[in-house]
Amino acid sequence: MALTSLNWNGNMAPPSCWASPEQHFEAAMAQPWYRLITHVNATLVNATFDFYRQQEIIPVLMPITVGSISSPMGIGSDSLPVEIELFGEPTFLADSMQFQLEFFLRHGIEGAFYIMPTFRGEDSDVTHLNQFFHSEAEIVGGFDDVIVLVENYLRSLTIALCATPLVDNISQVAGGITHLECLQSMSEFPRITFAESMKFLGDEYFIRSPEGIPLITRLGEKKLIDHFGVVWLTHFPRLIAPFYQAKSTNGLTVECADLLIGIGETVGCGERHTTGEDVRLGLEEHQVPVADYEWYVQMKNKYPLRTAGFGLGLERFLLWVLQHNDIRDLHVMPRLKNTRTWL
RNA sequence: UCCCCCAUAGCUCAGUCGGUAGAGCAGAUGGCUGUUAACCAUCGUGUCGGCGGUUCGAGUCCGUCUGGGGGAGCCA
(Lines give C-alpha, C1' and ligand atoms only; values in the text may rest on other atoms or scores of the structure.)
Protein backbone atom coordinates (compact mmCIF):
# COMPACT_ATOMS: atom_id res chain seq x y z
CA MET A 1 0.00 0.00 0.00
CA ALA A 2 1.55 3.26 -1.10
CA LEU A 3 0.85 5.22 2.01
CA THR A 4 3.54 7.75 2.52
CA SER A 5 1.69 10.32 4.52
CA LEU A 6 -1.56 10.46 6.37
CA ASN A 7 -1.62 14.14 7.05
CA TRP A 8 -5.23 14.55 8.08
CA ASN A 9 -5.73 17.85 9.74
CA GLY A 10 -8.06 18.38 12.58
CA ASN A 11 -9.97 16.34 15.05
CA MET A 12 -9.34 12.58 15.09
CA ALA A 13 -12.25 11.95 17.47
CA PRO A 14 -15.09 9.68 16.33
CA PRO A 15 -18.19 11.64 15.23
CA SER A 16 -20.45 9.10 17.01
CA CYS A 17 -23.44 9.93 14.83
CA TRP A 18 -24.28 6.43 13.56
CA ALA A 19 -27.86 6.85 14.78
CA SER A 20 -28.46 9.64 12.26
CA PRO A 21 -28.04 8.49 8.64
CA GLU A 22 -27.94 12.02 7.23
CA GLN A 23 -25.20 13.21 9.58
CA HIS A 24 -23.35 9.94 9.34
CA PHE A 25 -23.05 10.05 5.56
CA GLU A 26 -21.20 13.37 5.74
CA ALA A 27 -19.08 12.24 8.68
CA ALA A 28 -18.18 8.90 7.08
CA MET A 29 -17.11 10.71 3.91
CA ALA A 30 -15.08 13.52 5.42
CA GLN A 31 -13.97 12.81 8.99
CA PRO A 32 -10.33 11.73 9.59
CA TRP A 33 -11.63 9.08 12.04
CA TYR A 34 -13.33 7.10 9.28
CA ARG A 35 -10.40 7.47 6.88
CA LEU A 36 -8.22 5.97 9.58
CA ILE A 37 -10.67 3.08 10.05
CA THR A 38 -10.55 2.33 6.32
CA HIS A 39 -6.75 2.24 6.24
CA VAL A 40 -6.39 0.26 9.45
CA ASN A 41 -8.87 -2.31 8.15
CA ALA A 42 -6.91 -2.62 4.91
CA THR A 43 -3.73 -3.21 6.90
CA LEU A 44 -5.42 -5.86 9.04
CA VAL A 45 -6.82 -7.72 6.03
CA ASN A 46 -3.49 -7.63 4.16
CA ALA A 47 -1.64 -8.75 7.28
CA THR A 48 -4.11 -11.60 7.78
CA PHE A 49 -3.52 -12.95 4.27
CA ASP A 50 0.25 -12.53 4.62
CA PHE A 51 0.24 -14.36 7.95
CA TYR A 52 -1.76 -17.34 6.74
CA ARG A 53 0.19 -17.64 3.49
CA GLN A 54 3.32 -18.30 5.55
CA GLN A 55 1.46 -20.95 7.58
CA GLU A 56 -0.01 -22.66 4.52
CA ILE A 57 -3.45 -22.02 5.85
CA ILE A 58 -5.65 -21.29 2.88
CA PRO A 59 -8.49 -18.83 2.31
CA VAL A 60 -11.83 -20.48 1.52
CA LEU A 61 -15.00 -19.04 -0.02
CA MET A 62 -18.28 -19.79 1.73
CA PRO A 63 -21.93 -18.76 1.47
CA ILE A 64 -23.18 -16.27 4.04
CA THR A 65 -26.52 -18.07 4.32
CA VAL A 66 -27.25 -21.35 6.06
CA GLY A 67 -30.31 -23.57 5.92
CA SER A 68 -30.59 -24.13 9.64
CA ILE A 69 -29.47 -22.41 12.77
CA SER A 70 -25.73 -22.55 13.17
CA SER A 71 -25.97 -20.54 16.35
CA PRO A 72 -25.97 -23.03 19.21
CA MET A 73 -29.17 -22.44 21.11
CA GLY A 74 -29.91 -24.45 24.17
CA ILE A 75 -28.26 -24.60 27.58
CA GLY A 76 -25.44 -22.14 27.88
CA SER A 77 -26.46 -19.86 25.07
CA ASP A 78 -29.22 -17.38 24.30
CA SER A 79 -27.63 -15.98 21.16
CA LEU A 80 -30.09 -14.93 18.47
CA PRO A 81 -29.76 -16.02 14.85
CA VAL A 82 -30.85 -13.65 12.06
CA GLU A 83 -33.59 -15.19 9.94
CA ILE A 84 -34.49 -13.84 6.51
CA GLU A 85 -36.65 -14.98 3.63
CA LEU A 86 -34.67 -15.73 0.49
CA PHE A 87 -36.50 -16.78 -2.68
CA GLY A 88 -39.47 -17.58 -0.49
CA GLU A 89 -37.48 -19.91 1.76
CA PRO A 90 -36.71 -19.21 5.42
CA THR A 91 -32.95 -18.82 5.67
CA PHE A 92 -30.42 -17.85 8.32
CA LEU A 93 -27.54 -15.46 7.90
CA ALA A 94 -24.36 -17.08 9.16
CA ASP A 95 -23.39 -16.10 12.70
CA SER A 96 -20.10 -17.95 12.24
CA MET A 97 -18.70 -20.16 9.50
CA GLN A 98 -16.82 -22.46 11.82
CA PHE A 99 -18.67 -25.60 10.74
CA GLN A 100 -18.03 -24.82 7.09
CA LEU A 101 -14.32 -24.33 7.83
CA GLU A 102 -14.33 -27.71 9.55
CA PHE A 103 -15.80 -29.17 6.38
CA PHE A 104 -12.98 -27.74 4.27
CA LEU A 105 -10.35 -29.33 6.51
CA ARG A 106 -11.63 -32.66 5.16
CA HIS A 107 -10.20 -31.62 1.78
CA GLY A 108 -6.77 -32.65 2.98
CA ILE A 109 -5.56 -29.19 4.00
CA GLU A 110 -3.82 -28.14 7.21
CA GLY A 111 -5.92 -25.05 7.83
CA ALA A 112 -8.56 -22.73 6.37
CA PHE A 113 -9.57 -19.15 7.13
CA TYR A 114 -11.85 -16.32 6.06
CA ILE A 115 -12.71 -12.72 6.83
CA MET A 116 -16.39 -12.03 6.18
CA PRO A 117 -19.34 -10.31 7.81
CA THR A 118 -21.40 -12.48 10.14
CA PHE A 119 -24.73 -11.68 11.75
CA ARG A 120 -26.23 -11.56 15.24
CA GLY A 121 -29.74 -10.70 16.32
CA GLU A 122 -28.97 -9.35 19.78
CA ASP A 123 -29.44 -5.65 20.49
CA SER A 124 -26.39 -3.64 19.56
CA ASP A 125 -24.53 -1.70 22.24
CA VAL A 126 -21.03 -0.45 22.98
CA THR A 127 -19.55 -3.92 22.49
CA HIS A 128 -22.03 -5.60 20.12
CA LEU A 129 -22.83 -5.16 16.43
CA ASN A 130 -25.55 -6.87 14.40
CA GLN A 131 -23.07 -7.40 11.60
CA PHE A 132 -19.43 -7.71 12.36
CA PHE A 133 -16.35 -8.77 10.44
CA HIS A 134 -15.30 -12.17 11.62
CA SER A 135 -11.76 -13.45 11.17
CA GLU A 136 -12.02 -17.17 11.71
CA ALA A 137 -9.60 -20.02 11.14
CA GLU A 138 -9.73 -23.76 11.70
CA ILE A 139 -6.68 -26.04 11.73
CA VAL A 140 -5.85 -29.68 12.07
CA GLY A 141 -4.65 -29.98 15.65
CA GLY A 142 -5.69 -29.41 19.24
CA PHE A 143 -6.27 -26.79 21.89
CA ASP A 144 -2.63 -25.77 22.41
CA ASP A 145 -2.07 -25.53 18.67
CA VAL A 146 -4.87 -23.02 18.20
CA ILE A 147 -3.71 -20.95 21.18
CA VAL A 148 -0.28 -20.63 19.59
CA LEU A 149 -1.88 -19.81 16.23
CA VAL A 150 -3.93 -16.97 17.72
CA GLU A 151 -0.99 -15.54 19.64
CA ASN A 152 1.16 -15.55 16.50
CA TYR A 153 -1.68 -14.05 14.48
CA LEU A 154 -2.28 -11.15 16.87
CA ARG A 155 1.43 -10.52 17.14
CA SER A 156 1.74 -10.30 13.37
CA LEU A 157 -1.26 -7.95 13.13
CA THR A 158 0.25 -5.51 15.61
CA ILE A 159 3.65 -5.71 13.90
CA ALA A 160 1.97 -4.88 10.59
CA LEU A 161 0.18 -1.90 12.11
CA CYS A 162 3.36 -0.55 13.67
CA ALA A 163 5.18 -0.88 10.35
CA THR A 164 2.82 1.42 8.44
CA PRO A 165 2.65 5.23 8.40
CA LEU A 166 -0.69 4.73 10.16
CA VAL A 167 1.12 4.22 13.41
CA ASP A 168 1.32 7.95 14.13
CA ASN A 169 -2.41 8.36 13.64
CA ILE A 170 -3.15 5.28 15.76
CA SER A 171 -0.88 6.65 18.45
CA GLN A 172 -2.71 9.97 18.34
CA VAL A 173 -6.11 8.30 18.71
CA ALA A 174 -5.05 5.62 21.22
CA GLY A 175 -2.80 7.87 23.27
CA GLY A 176 0.33 5.91 22.43
CA ILE A 177 1.30 2.49 21.06
CA THR A 178 2.80 0.86 24.13
CA HIS A 179 -0.08 -1.65 24.15
CA LEU A 180 0.85 -2.73 20.61
CA GLU A 181 4.56 -2.96 21.44
CA CYS A 182 3.86 -4.80 24.66
CA LEU A 183 1.82 -7.50 22.90
CA GLN A 184 4.57 -7.99 20.32
CA SER A 185 7.13 -8.60 23.04
CA MET A 186 5.11 -11.30 24.82
CA SER A 187 6.40 -14.80 24.05
CA GLU A 188 3.09 -16.20 25.25
CA PHE A 189 -0.05 -14.68 26.73
CA PRO A 190 -0.99 -15.37 30.36
CA ARG A 191 -3.61 -18.08 30.90
CA ILE A 192 -6.02 -18.65 33.73
CA THR A 193 -8.52 -21.48 33.90
CA PHE A 194 -12.13 -20.77 34.72
CA ALA A 195 -11.73 -22.67 38.01
CA GLU A 196 -8.62 -20.66 38.91
CA SER A 197 -10.40 -17.42 38.07
CA MET A 198 -13.11 -18.25 40.60
CA LYS A 199 -10.51 -18.54 43.33
CA PHE A 200 -8.64 -15.48 42.05
CA LEU A 201 -11.66 -13.17 41.76
CA GLY A 202 -14.01 -14.47 44.43
CA ASP A 203 -17.72 -15.24 44.32
CA GLU A 204 -18.90 -11.66 43.81
CA TYR A 205 -17.67 -11.72 40.19
CA PHE A 206 -19.80 -14.74 39.28
CA ILE A 207 -23.49 -15.45 39.02
CA ARG A 208 -25.27 -18.78 38.75
CA SER A 209 -27.12 -20.00 35.67
CA PRO A 210 -30.60 -21.53 36.16
CA GLU A 211 -28.83 -24.91 36.15
CA GLY A 212 -26.57 -23.73 38.97
CA ILE A 213 -23.45 -23.35 36.85
CA PRO A 214 -21.23 -20.34 37.63
CA LEU A 215 -20.97 -17.61 34.97
CA ILE A 216 -18.35 -14.89 35.03
CA THR A 217 -19.75 -11.34 34.95
CA ARG A 218 -18.58 -8.52 32.73
CA LEU A 219 -17.06 -6.92 35.79
CA GLY A 220 -15.16 -10.12 36.47
CA GLU A 221 -13.75 -10.10 32.93
CA LYS A 222 -12.78 -6.46 33.37
CA LYS A 223 -11.01 -7.27 36.60
CA LEU A 224 -8.95 -9.95 34.83
CA ILE A 225 -8.06 -7.54 32.01
CA ASP A 226 -7.05 -4.86 34.51
CA HIS A 227 -4.78 -7.35 36.24
CA PHE A 228 -3.25 -9.20 33.30
CA GLY A 229 -3.64 -6.75 30.41
CA VAL A 230 -4.18 -9.64 27.98
CA VAL A 231 -5.34 -13.01 29.25
CA TRP A 232 -6.71 -16.34 28.10
CA LEU A 233 -9.64 -17.51 30.20
CA THR A 234 -9.65 -21.27 29.59
CA HIS A 235 -11.52 -24.50 30.28
CA PHE A 236 -15.09 -23.40 30.88
CA PRO A 237 -17.54 -25.72 32.59
CA ARG A 238 -19.01 -28.08 30.01
CA LEU A 239 -22.58 -26.78 30.02
CA ILE A 240 -21.83 -23.07 29.67
CA ALA A 241 -19.60 -23.67 26.64
CA PRO A 242 -21.01 -24.44 23.16
CA PHE A 243 -21.92 -28.07 22.42
CA TYR A 244 -19.25 -28.49 19.73
CA GLN A 245 -16.20 -28.04 21.99
CA ALA A 246 -14.16 -31.10 22.91
CA LYS A 247 -14.32 -32.30 26.49
CA SER A 248 -11.26 -32.12 28.72
CA THR A 249 -9.95 -35.40 30.10
CA ASN A 250 -11.51 -34.54 33.49
CA GLY A 251 -14.93 -34.67 31.78
CA LEU A 252 -16.07 -31.50 33.56
CA THR A 253 -14.63 -28.76 31.36
CA VAL A 254 -14.07 -28.23 27.66
CA GLU A 255 -10.92 -27.45 25.70
CA CYS A 256 -11.77 -23.85 24.88
CA ALA A 257 -10.59 -20.37 25.73
CA ASP A 258 -11.65 -16.75 25.40
CA LEU A 259 -9.04 -14.09 24.88
CA LEU A 260 -9.83 -11.10 27.06
CA ILE A 261 -8.31 -7.89 25.78
CA GLY A 262 -9.52 -4.30 25.48
CA ILE A 263 -13.27 -4.30 26.05
CA GLY A 264 -13.52 -8.02 26.90
CA GLU A 265 -13.87 -11.21 24.89
CA THR A 266 -12.24 -10.59 21.53
CA VAL A 267 -11.29 -14.11 20.47
CA GLY A 268 -13.11 -17.35 21.20
CA CYS A 269 -11.28 -20.56 20.42
CA GLY A 270 -11.45 -24.25 21.10
CA GLU A 271 -10.78 -27.81 20.12
CA ARG A 272 -13.74 -29.53 18.44
CA HIS A 273 -15.18 -32.98 18.91
CA THR A 274 -13.32 -35.48 16.81
CA THR A 275 -16.08 -38.02 16.27
CA GLY A 276 -19.77 -37.93 15.45
CA GLU A 277 -20.55 -39.76 18.65
CA ASP A 278 -18.92 -37.01 20.72
CA VAL A 279 -20.95 -34.39 18.86
CA ARG A 280 -24.14 -36.35 19.48
CA LEU A 281 -23.36 -36.47 23.19
CA GLY A 282 -22.61 -32.77 23.25
CA LEU A 283 -25.92 -31.95 21.55
CA GLU A 284 -27.79 -34.18 23.97
CA GLU A 285 -26.20 -32.62 27.04
CA HIS A 286 -27.00 -29.12 25.78
CA GLN A 287 -30.54 -30.13 24.83
CA VAL A 288 -30.06 -29.09 21.22
CA PRO A 289 -32.02 -31.11 18.60
CA VAL A 290 -29.67 -33.43 16.71
CA ALA A 291 -31.73 -32.99 13.53
CA ASP A 292 -30.42 -29.42 13.05
CA TYR A 293 -26.84 -30.70 12.90
CA GLU A 294 -27.29 -33.99 11.12
CA TRP A 295 -24.71 -33.24 8.41
CA TYR A 296 -22.18 -32.18 11.06
CA VAL A 297 -22.59 -35.43 12.95
CA GLN A 298 -22.38 -37.42 9.71
CA MET A 299 -19.24 -35.59 8.65
CA LYS A 300 -17.48 -36.49 11.87
CA ASN A 301 -18.75 -40.07 11.71
CA LYS A 302 -17.38 -40.65 8.25
CA TYR A 303 -14.32 -38.37 8.38
CA PRO A 304 -13.17 -38.07 11.99
CA LEU A 305 -10.42 -35.50 12.43
CA ARG A 306 -8.98 -33.66 15.41
CA THR A 307 -9.34 -29.95 14.69
CA ALA A 308 -9.37 -26.68 16.55
CA GLY A 309 -10.22 -23.13 15.58
CA PHE A 310 -10.95 -19.61 16.62
CA GLY A 311 -13.03 -16.56 15.78
CA LEU A 312 -11.81 -13.00 16.20
CA GLY A 313 -14.17 -10.03 16.12
CA LEU A 314 -12.24 -7.64 13.95
CA GLU A 315 -14.01 -4.56 15.32
CA ARG A 316 -13.34 -5.67 18.88
CA PHE A 317 -9.68 -6.07 18.07
CA LEU A 318 -9.79 -2.60 16.49
CA LEU A 319 -11.28 -1.21 19.69
CA TRP A 320 -8.21 -2.43 21.52
CA VAL A 321 -5.86 -1.11 18.82
CA LEU A 322 -7.45 2.34 19.02
CA GLN A 323 -8.10 2.08 22.77
CA HIS A 324 -11.67 3.09 22.07
CA ASN A 325 -14.82 2.09 23.95
CA ASP A 326 -17.76 2.09 21.51
CA ILE A 327 -17.79 -0.51 18.75
CA ARG A 328 -20.52 1.32 16.85
CA ASP A 329 -17.96 3.98 15.91
CA LEU A 330 -15.99 1.44 13.88
CA HIS A 331 -18.24 0.97 10.87
CA VAL A 332 -17.83 3.37 7.99
CA MET A 333 -21.10 1.94 6.72
CA PRO A 334 -23.11 1.01 9.84
CA ARG A 335 -25.56 -1.88 9.96
CA LEU A 336 -27.39 -1.66 13.25
CA LYS A 337 -30.73 -3.23 14.11
CA ASN A 338 -33.56 -0.67 14.12
CA THR A 339 -31.32 2.03 12.68
CA ARG A 340 -31.78 3.39 9.17
CA THR A 341 -28.79 3.35 6.84
CA TRP A 342 -27.62 5.95 4.36
CA LEU A 343 -26.42 3.26 1.97
C1' U B 1 -34.57 -11.42 27.30
C1' C B 2 -34.61 -9.11 32.49
C1' C B 3 -34.00 -4.59 35.86
C1' C B 4 -33.47 0.88 36.28
C1' C B 5 -33.62 5.73 33.92
C1' C B 6 -34.93 8.92 29.77
C1' A B 7 -38.04 11.02 25.35
C1' U B 8 -40.62 18.87 25.78
C1' A B 9 -38.26 24.36 20.13
C1' G B 10 -32.69 23.06 15.27
C1' C B 11 -29.29 21.74 19.97
C1' U B 12 -28.88 21.40 25.59
C1' C B 13 -32.47 21.29 29.05
C1' A B 14 -36.39 23.54 32.95
C1' G B 15 -41.57 22.81 33.75
C1' U B 16 -43.42 22.36 41.52
C1' C B 17 -49.63 20.20 43.95
C1' G B 18 -52.83 17.86 37.29
C1' G B 19 -55.31 24.06 35.38
C1' U B 20 -54.13 23.85 27.45
C1' A B 21 -45.63 25.45 27.79
C1' G B 22 -40.35 28.30 29.23
C1' A B 23 -34.73 29.47 29.35
C1' G B 24 -29.77 29.36 27.27
C1' C B 25 -27.30 28.48 22.75
C1' A B 26 -28.06 28.35 17.52
C1' G B 27 -30.92 30.86 13.67
C1' A B 28 -33.70 35.17 11.20
C1' U B 29 -34.38 40.52 10.66
C1' G B 30 -32.88 45.42 11.83
C1' G B 31 -29.28 48.80 14.11
C1' C B 32 -24.21 50.22 15.20
C1' U B 33 -18.79 50.26 14.75
C1' G B 34 -13.14 52.31 9.71
C1' U B 35 -16.50 46.34 6.35
C1' U B 36 -13.62 37.95 7.25
C1' A B 37 -16.44 39.95 13.10
C1' A B 38 -18.17 41.72 17.83
C1' C B 39 -22.02 44.18 20.30
C1' C B 40 -27.31 46.03 20.87
C1' A B 41 -32.63 45.43 19.80
C1' U B 42 -36.62 42.49 18.01
C1' C B 43 -38.56 37.55 16.61
C1' G B 44 -40.82 31.11 19.98
C1' U B 45 -48.02 27.18 17.76
C1' G B 46 -43.78 23.04 19.62
C1' U B 47 -48.71 16.65 16.76
C1' C B 48 -44.61 17.93 24.99
C1' G B 49 -42.32 10.13 21.07
C1' G B 50 -47.25 7.03 19.35
C1' C B 51 -51.91 4.91 20.92
C1' G B 52 -55.44 4.11 24.77
C1' G B 53 -57.33 5.17 29.82
C1' U B 54 -58.55 8.14 34.51
C1' U B 55 -60.32 13.31 34.99
C1' C B 56 -64.51 18.94 34.12
C1' G B 57 -59.30 19.36 32.56
C1' A B 58 -53.06 15.42 31.32
C1' G B 59 -46.31 17.57 29.34
C1' U B 60 -47.61 16.06 34.50
C1' C B 61 -51.28 10.22 36.81
C1' C B 62 -52.21 4.85 34.89
C1' G B 63 -51.66 1.08 30.86
C1' U B 64 -49.27 -0.14 26.40
C1' C B 65 -46.07 0.37 22.19
C1' U B 66 -41.72 2.59 19.82
C1' G B 67 -36.91 4.70 20.28
C1' G B 68 -32.49 6.04 23.37
C1' G B 69 -29.08 5.47 27.74
C1' G B 70 -27.14 2.49 31.85
C1' G B 71 -26.70 -2.34 34.22
C1' A B 72 -27.21 -7.86 33.80
C1' G B 73 -27.10 -11.75 30.40
C1' C B 74 -25.64 -13.56 25.58
C1' C B 75 -21.75 -13.45 22.57
C1' A B 76 -16.76 -12.02 18.81
Side-chain angles (χ1 to χ4, degrees), chain A residues 15-23 44 48 69-82 93-98 101 113-138 146 150 153-154 157 204-211 213-223 225 230 232-233 236-237 239-245 256-270 286 288 309-321 324-331 334-340:
Chain A
S16 294
C17 55
W18 33 262
S20 163
E22 294 78 10
Q23 280 181 48
L44 293 176
T48 298
I69 307 170
S70 63
S71 171
M73 305 287 282
I75 294 177
S77 178
D78 289 329
S79 78
L80 288 171
V82 179
L93 296 172
D95 68 303
S96 158
M97 299 178 190
Q98 175 202 319
L101 287 176
F113 80 97
Y114 76 88
I115 296 179
M116 297 254 279
T118 59
F119 304 82
R120 300 287 164 93
E122 295 96 307
D123 291 345
S124 61
D125 61 25
V126 291
T127 62
H128 295 83
L129 293 165
N130 296 292
Q131 288 188 34
F132 67 96
F133 288 93
H134 220 152
S135 176
E136 284 197 291
E138 194 76 18
V146 75
V150 172
Y153 176 48
L154 296 194
L157 290 183
E204 65 266 38
Y205 294 99
F206 292 82
I207 58 160
R208 297 272 162 177
S209 76
E211 296 79 21
I213 304 155
L215 302 164
I216 190 165
T217 63
R218 187 181 291 198
L219 207 61
E221 287 188 351
K222 189 180 178 305
K223 194 95 175 167
I225 293 167
V230 179
W232 285 110
L233 182 59
F236 287 79
L239 282 181
I240 62 169
F243 74 84
Y244 48 75
Q245 307 286 34
C256 73
D258 287 350
L259 186 72
L260 308 181
I261 183 172
I263 49 90
E265 185 184 346
T266 298
V267 176
C269 76
H286 287 77
V288 179
F310 77 90
L312 169 118
L314 218 57
E315 295 88 346
R316 287 191 175 179
F317 181 70
L318 200 47
L319 278 183
W320 172 76
V321 168
H324 189 55
N325 54 18
D326 194 331
I327 203 166
R328 292 166 296 191
D329 288 322
L330 300 186
H331 273 178
R335 286 294 183 275
L336 298 169
K337 198 168 85 174
N338 302 323
T339 303
R340 283 181 300 130

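Proteins come first, then strands; the chains are lettered A, B, ... in the order of their sequence lines, and each starts at number 1.
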Quantified in whole Å, what is the C1' atom distance between nucleotide B/rC3 and nucleotide B/rU45? 39 Å

Base, sugar-phosphate, or nothing: which does A/T217 touch, judged by heavy atoms less than 4.0 Å apart? sugar-phosphate

Can you check whether A/D95's main-chain N or O pairs, donor with acceptor, with A/R120's side chain at less than 3.5 Å? yes

Tell me if a side-chain donor or acceptor on A/E315 pairs with a main-chain N or O of A/F133 at a distance below 3.5 Å. yes

What's the closest nucleotide to the side chain of A/E221 if the choices are B/rC75, B/rA76, B/rG73? B/rC75

Distance check needed: B/rA76 C1' versus A/I261 CD1, whole Å only. 13 Å

Below 4.0 Å: OP1/OP2 of B/rA72 and any side-chain N or O of A/R218: yes

Nearest-Å distance, CD (A/Q245) to P (B/rC75)? 11 Å

Integer-rounded Å distance: B/rA76 C1' and A/L233 CG: 15 Å

A/H134 vs A/Y114 aromatic rings, parallel, tilted or perpendicular, using cut-offs 30° and 60°? perpendicular

Separation between the C1' atoms of B/rU20 and B/rG59, rounded to whole Å: 10 Å

Given the C1' atoms of B/rC13 and B/rG50, what is the spacing between them in whole Å? 23 Å

Counting side-chain heavy atoms from C-beta on, which of B/rC74, B/rA72, B/rC75 comes nearest to A/R316? B/rC75

RNA chain B nearest-nucleotide lookup for A/F132 and A/R328: closer to the 5′ end is A/R328

Could you tell me how far B/rA23 sits from B/rA76 if I compare only their C1' atoms? Round to whole Å. 46 Å

Out of A/V267, A/T266, A/L312, which one pairs with A/V150 under the side-chain contact (heavy atoms from CB on, under 4.5 Å) rule? A/V267

Take atom CG of A/N130 and atom C1' of B/rC75, then tell me their distance rounded to the nearest Å. 12 Å

Counting any heavy atom closer than 4.0 Å, what does A/I216 reach on the DNA or RNA strands: base, sugar-phosphate only, or nothing? sugar-phosphate

Pick the P atom in B/rA21 and in B/rG44, then give their distance to the nearest Å. 15 Å

How far apart are the closest heavy atoms of A/L319 and A/V126, and which atoms are they? CD1-O, 4.3 Å

Using atom types as modelled and distance alone, determine if a side-chain donor or acceptor of A/R316 lies under 3.5 Å from a backbone N or O of A/T127. yes

Treating a pair as Watson-Crick (purine N1 to pyrimidine N3 plus N6-O4 or O6-N4) or G-U wobble (N1-O2 and O6-N3) with both distances under 3.5 Å, list the stems of 3 or more consecutive pairs that involve RNA chain B. B:1-7 with B:66-72, B:10-13 with B:22-25, B:27-31 with B:39-43, B:49-53 with B:61-65

Find the distance A/E265:CD to B/rC75:P and express it as a whole number of Å. 8 Å

If I take atom CD in residue A/E136 and atom P in nucleotide B/rC75, what distance separates them, rounded to the nearest angstrom? 15 Å

Indicate whether any N or O donor in one side chain lies under 3.5 Å from an N or O acceptor in the other, for A/S96 and A/E136. yes

Rounded to the nearest Å, what distance is computed from the CG atom of residue A/D125 to the C1' atom of nucleotide B/rA72? 11 Å

Could you measure between the two P atoms, the one in B/rG18 and the one in B/rC61, and give it in whole Å? 8 Å

P atoms of B/rC4 and B/rG63, separation to the nearest Å: 11 Å

Looking across every strand, which nucleic acid part, if any, lies under 4.0 Å from A/L129 by heavy atom: base, sugar-phosphate, or nothing? base

Rounded to whole angstrom, note down the P distance from B/rC51 over to B/rC75. 40 Å

In the structure I gave you, are the side-chain heavy atoms of A/F119 and A/P81 within less than 4.5 Å of one another anywhere? no

Using atom types as modelled and distance alone, determine if a side-chain donor or acceptor of A/H128 lies under 3.5 Å from a backbone N or O of A/I327. no

Distance check needed: B/rA76 P versus A/I263 CD1, whole Å only. 12 Å

Regarding A/D258, tell me which of base, sugar-phosphate or nothing describes its non-hydrogen contacts under 4.0 Å with the strands shown. nothing

